[in-house]
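This report concerns only the one structure given below.
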Amino acid sequence: MKPGFYDRPVLEVARDLIGCMVTHQDCAGVIVETEAYHDSEPACHAFVGLTPRTETLFGPPGRAYVYRSYGIHALLNAVCEPPGVGAAVLIRALEPIEGLDHMRARRGVEAVRQLCSGPGKLTQALGIELHHNGSDLLSGPVVFSPRPRAWRDVEISIDTRIGITRAAELPWRFCAAGSRFLSRPVGAASAV
DNA sequence: CATGGGATTGACT
DNA sequence: GTCAATCCCATGC
């Protein structure tokens, strides 16, 4: 992405990341689902202020924020907005493009739709771990790159965020309209 | 120092 | 639909 891409309001970045590519080593996918988080609302980890955990969130934009969820999964975010503001875009689903066999080996499943259709699934498929927290998204090893031509005019659907209890009413979830690779259909309120 | 709660997933009823 | 697994870390005594 261009320098400065992430130094903007997190809602704009979350929308603009739909259709962009995520690459790690030999695996790559197109982002089809994101969510925005900002320190002004209680669902965001940064809501509690600057702590060891949220240090990356309050740091410079364009870095990866990777944290452990439910003691099991690593979740990938792109840090946004200027230093001092705790904001990030959660990457929730990818359409697999390259390295599918490597993804299958790490995920232990065959179906393409099962490889990256969830925030914990895609980090497992791409081999993204906690030690990637704080890494630069321009220089890698985890790299975000602009939309391929075919995704230039992707249509965006907006929905409420998934799996949170606080500020659950905010429409801060962005999806590639009609994608078969979402973690969950648009408009499917709760349900597990 | 002890405790409680997740930005989830997959197995089972 | 229901539920356990599992661990980092914020919070409170």
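Heavy atoms only: backbone and side chains are in, while hydrogens, waters and symmetry mates are out. Letters go in sequence order (proteins before strands), and every chain restarts at 1.
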query: Below 4.5 Å, heavy atoms only, C-beta onward: do A/Arg173 and A/Arg184 meet side chain to side chain?
result: yes

| query | Given the rule that I, L, V, M, F, W and Y join up when any side-chain heavy atoms are under 4.5 Å apart, are A/Val142 and A/Val79 in one cluster? | reply | no

Between CD1 of A/Ile162 and C1' of B/dT9 the distance, given in whole Å, is 13 Å

Inset, instruction - Taking the side chain as every heavy atom from C-beta outward, state whether A/Phe174 and A/Glu33 have any atom pair closer than 4.5 Å. - result: no

Original post:
Do side-chain atoms of A/Asp136 reach the backbone of A/Arg63 as a donor and acceptor pair under 3.5 angstrom?
Top reply: no

Quick one, A/Glu129 and A/Thr123 - any side-chain contact, counting heavy atoms below 4.5 Å?
no

Rounded to whole Å, the CZ-C1' distance (A/Phe47 to B/dG5) equals 16 Å

Between CG of A/Asp39 and P of B/dA7 the distance, given in whole Å, is 16 Å

In whole angstroms, the gap separating C1' of B/dT8 from NE2 of A/His45 amounts to 12 Å

- Query: Under 4.0 Å between a side-chain N or O of A/Arg173 and OP1 or OP2 of B/dA7?
  - Reply: no

Practice problem: Check for a donor-acceptor pair, side chain of A/Arg107 on one end and backbone N or O of A/Leu115 on the other, with a separation under 3.5 Å. | Solution: yes

Here the pair of heavy atoms bringing A/His132 nearest to A/Ala64 is O-CB, 3.7 Å

Is the distance between the ring centroids of A/His45 and A/Tyr67 under 6.0 Å? yes

Donor-acceptor contact present, side-chain A/Arg106 to main-chain A/Met103, <3.5 Å = no

Under a 4.5 Å cut-off applied to non-hydrogen side-chain atoms, are A/Ile31 and A/Phe144 in contact?
yes

From CZ of A/Arg166 across to C1' of B/dG4 the rounded distance in Å is 13 Å

Is the aromatic ring of A/Tyr37 within stacking range of B/dA7, meaning centres under 5.5 angstrom and planes under 30 degrees?
yes

Of A/Gln124 and A/Val89, the one whose closest nucleotide on DNA chain B sits nearer the 5' end is A/Val89

Heavy-atom contacts, protein to nucleotides 6-13 of chain C, under 4.0 Å, summarised as B (base), S (sugar-phosphate only) or - (none) per nt, yield BB-SSS--

Could you tell me whether a side-chain N or O of A/Glu35 sits under 3.5 Å from a main-chain N or O of A/Ile162, the two making a donor and an acceptor? yes

DNA chain B in dot-bracket form (Watson-Crick or G-U pairs under 3.5 Å, [ ] crossing, | inter-strand) is ||||||.|||||.

Note: contacts of residues 94-121 of chain A with DNA chain B (heavy atom, under 4.0 Å) are A/Arg107, A/Gly118, A/Pro119, A/Gly120, A/Lys121

